Every structure is written in structure tokens, then in C-alpha cells.
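What you see is a predicted model, and the numbers here were worked out from it, not measured in a lab. Along the sequence shown, residues carry numbers from 1.
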Amino acid sequence: MSWKQTKDAPFFVGYLNAVPKQLVTFLLVFSVCFAGGLGIAALALSSTQNDPGDGGFQWGNRFENIGIMELRPYPVLRVAADADNPARTYMLSGQGKRGVFKQAEQHHDNAVILRGIPVKRGDLTMIQVNVRRIEAAEGEGADFTPSEPVQLGRWKLTGEICDGKCYAGAMRPGQGLAHKACADLCLTGGIPPVFVSSGPVENRNFFLMADKDGNLLGDEIKPLLALFVELEGDVERLDDLMVFKVDLAKARILR
């Protein structure tokens, strides 16, 4: 390389005010290409992810209602039908990764007035109970007898075990291996487990879970969390809520 070629070559010196035009052009082209490449990579990566769904807290639709508190086996609120709505059964959770067993046991089989925030995804609804917002109730709405569960027979279903609060919309998507640790903590804290089925029963794909005798599920479900599994058990309907009483001895991990 000649002295003239060296002298004319673009070279940036920090204490000089001017940047060579060739370097300015190179940096502009590189910056545009780099930013565009990141955008394309982000689009490609996001297109491979599962749809997080439309779940979320219904902050503008605060819940306040009178009903009967039951343990089925997780806390639920049974609300009587009225002129505009059929009878409803709502799953309940506390704030954070906690259930409401303590409050539910205090008011078991009694009428209460309950205030909270709905967490809703599709036809799955859970009520996050506000702190100290379960109180004994009297009067209209408190003097009804909830209907007995309707037995729908024995079913073999495939799907995923999720914690009901996160899957309903407290976190999104609230399912899959990326959510396994969070689901484990939520279920340990008393959040009701929900089975998200790949096939419907009476047009419903979400089921409150219990063991084969209708009791609480314990640590035995943890190895099955966030996996695609096949479960067998009896299904019953509580108003609009499905309950899946699973026989975990027959559970199979499909993938």
C-alpha cells in the first residue's frame, strides 16, 4: 500500500471533530441492517410461540355477590339463579399465590357475601377474593339450597394440569414448561388446579380437579404439571362448573 493510499484511507480519530464520510455511510447501513435483523428475528421467534389467550383480571368488573360457601374440595361460591342469570359456581383464590381455605372453612356451607376481582379466560372464571372480603350474609340470596352435582359418567381426557388462577389470566399464557415452577408454587399455596382438556365435555374444556374420591390433590400431581397427559376419572357438573375426579394411578404422560 502506498503512502497516498494510507493517507486517504478513512480513519476515525477520537479527538478530531469530523468523522470520515465513508465511515458514516458504513455505520448508517450497518445500523439499519442490524435493527432490521433484530426485528425479523423477533417476529420469527414470536410466531413460534403459543397464543397467550385473552385472559386477564377484570379490573373494571368488580365482583360482589351473595352465595353459599362450599368445599368441592377446593373453595367455591354457589350463587343462586335469578331472572337474568342461571345458577353459577365460582372457583376462588386469595391474593398472590394463596388460596382461601382458612376463610372458606370458617364459613363452610353457610351464606356469605363475597367481594373480589374476576380473573377470566374464555368460559373459565376465578374470583380473587379481596382481603377480609368474605362476610356472613343474611336476606335475599342467602336462603337457597344449592343443587346436587350432576354425574356425567367416566371420561378419559387428554390435556394439561394448570393452576387455575394463572391460566385464567393472572399470568399469560399460564401453561407449558415455562410456567411449571410458578404452577407448582400456586398449587402448593392452595390455588385450585384446573385440567385444560384438548376435547370438550358438554362444550366445556376447563375442569376443577379432585382425586378419585372427590378430595384434595396433593404432591402426587406435581410430576404431571406442564406436560401433555392422559387422565381418567368421573366428571360431574356443579351448575356451570365441571369437576374432574381423576384416578392418578391411571395417568399417562403423552409428551
Side-chain angles (χ1 to χ4, degrees), residues 46 49-65 67 69-79 88-105 112-134 159-198 200 204-210 216-219 221-229 238-244 246:
S46 63
Q49 303 303 304
N50 294 330
D51 184 356
D54 60 351
F57 283 99
Q58 308 287 302
W59 297 106
N61 185 27
R62 299 301 176 99
F63 180 90
E64 181 174 338
N65 217 325
M69 179 70 73
E70 292 186 352
L71 295 171
R72 289 283 187 165
Y74 295 84
V76 295
L77 183 71
R78 308 287 303 276
V79 177
R88 296 288 306 271
T89 298
Y90 293 97
M91 290 185 290
L92 306 176
S93 79
Q95 294 182 312
K97 298 179 181 299
R98 297 190 299 272
V100 291
F101 280 98
K102 183 177 180 180
Q103 301 95 311
E105 289 168 352
V112 298
I113 181 168
L114 185 145
R115 300 175 181 88
I117 301 168
V119 192
K120 182 175 177 60
R121 177 173 178 170
D123 56 7
L124 171 63
T125 301
M126 181 172 288
I127 306 301
Q128 176 182 280
V129 180
N130 294 339
V131 177
R132 296 184 295 276
R133 290 300 186 179
I134 300 179
E160 182 179 336
I161 301 171
C162 301
D163 73 273
K165 183 177 181 180
C166 285
Y167 188 78
M171 295 184 69
R172 293 194 298 171
Q175 64 184 132
L177 287 174
H179 192 72
K180 182 178 177 67
C182 181
D184 192 335
L185 288 172
C186 286
L187 297 183
T188 300
I191 302 295
V194 167
F195 188 69
V196 182
S197 175
S198 59
R204 302 302 294 267
N205 293 84
F206 308 115
F207 303 82
L208 173 63
M209 295 183 66
L216 293 173
L217 288 164
D219 291 343
I221 68 169
K222 291 186 177 181
L224 303 174
L225 289 177
L227 300 172
F228 191 71
V229 297
L238 280 175
D239 303 323
D240 62 329
L241 177 67
M242 295 292 192
V243 180
F244 190 19
V246 299

Might you work through the side-chain contact (heavy atoms from CB on, under 4.5 Å) test for Leu187 and Ile221, ending with a clear yes or no?
CA-CA 10 Å; Leu187 297 183; Ile221 68 169; 3.7 Å; yes
Do [X] and [Y] have side chains that approach each other closer than 4.5 Å (heavy atoms only, starting at C-beta)?
X      : Y      : answer
Met171 : Cys182 : yes
Asn61  : Lys120 : no
Phe206 : Val196 : yes
Val112 : Gln103 : no
Glu70  : Thr89  : no
Asp240 : Arg204 : yes
Tyr74  : Leu217 : yes
Met69  : Leu114 : yes

From [X] [atom1] over to [Y] [atom2], what is the distance, rounded to the nearest 0.5 angstrom?
X      : Y      : atom1 : atom2 : result
Leu77  : Met91  : CG    : CE    : 12.5 Å
Lys97  : Asp184 : NZ    : CG    : 10.0 Å
Lys165 : Arg98  : NZ    : CZ    : 8.0 Å
Leu208 : Met242 : CG    : CE    : 12.0 Å
Ile134 : Ile113 : CD1   : CD1   : 11.5 Å

Taking side-chain contact (heavy atoms from CB on, under 4.5 Å) as the criterion, tell me which of Val194, Val246, Leu224 meets it with Ile161.
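Per the side-chain contact (heavy atoms from CB on, under 4.5 Å) rule, the option paired with Ile161 is Leu224, out of Val194, Val246, Leu224.
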Which of parallel (below 30°), tilted (30 to 60°) and perpendicular (above 60°) describes Tyr90 and Phe63?
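Geometry flag for Phe63 against Tyr90: perpendicular rings.
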For a quick test of reading the model, state the closest non-hydrogen atom pair linking Lys180 to Ala226 and the distance between them.
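For Lys180 versus Ala226, the nearest heavy atoms are CB-CB, 3.8 Å.
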Would you please test Arg72 and Val243 for side-chain contact (heavy atoms from CB on, under 4.5 Å) and show each step?
CA-CA 8 Å; Arg72 289 283 187 165; Val243 180; 5.5 Å; no
side-chain contact (heavy atoms from CB on, under 4.5 Å) between Gln58 and Thr125, worked out:
CA-CA 10 Å; Gln58 308 287 302; Thr125 301; over 6 Å; no
Return the set of residues passing side chain to side chain contact (heavy atoms under 4.5 Å, CB included) with Asn205 (not counting sequence neighbours), or none when no residue passes.
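Side chain to side chain contact (heavy atoms under 4.5 Å, CB included) check on Asn205 returns Pro200.
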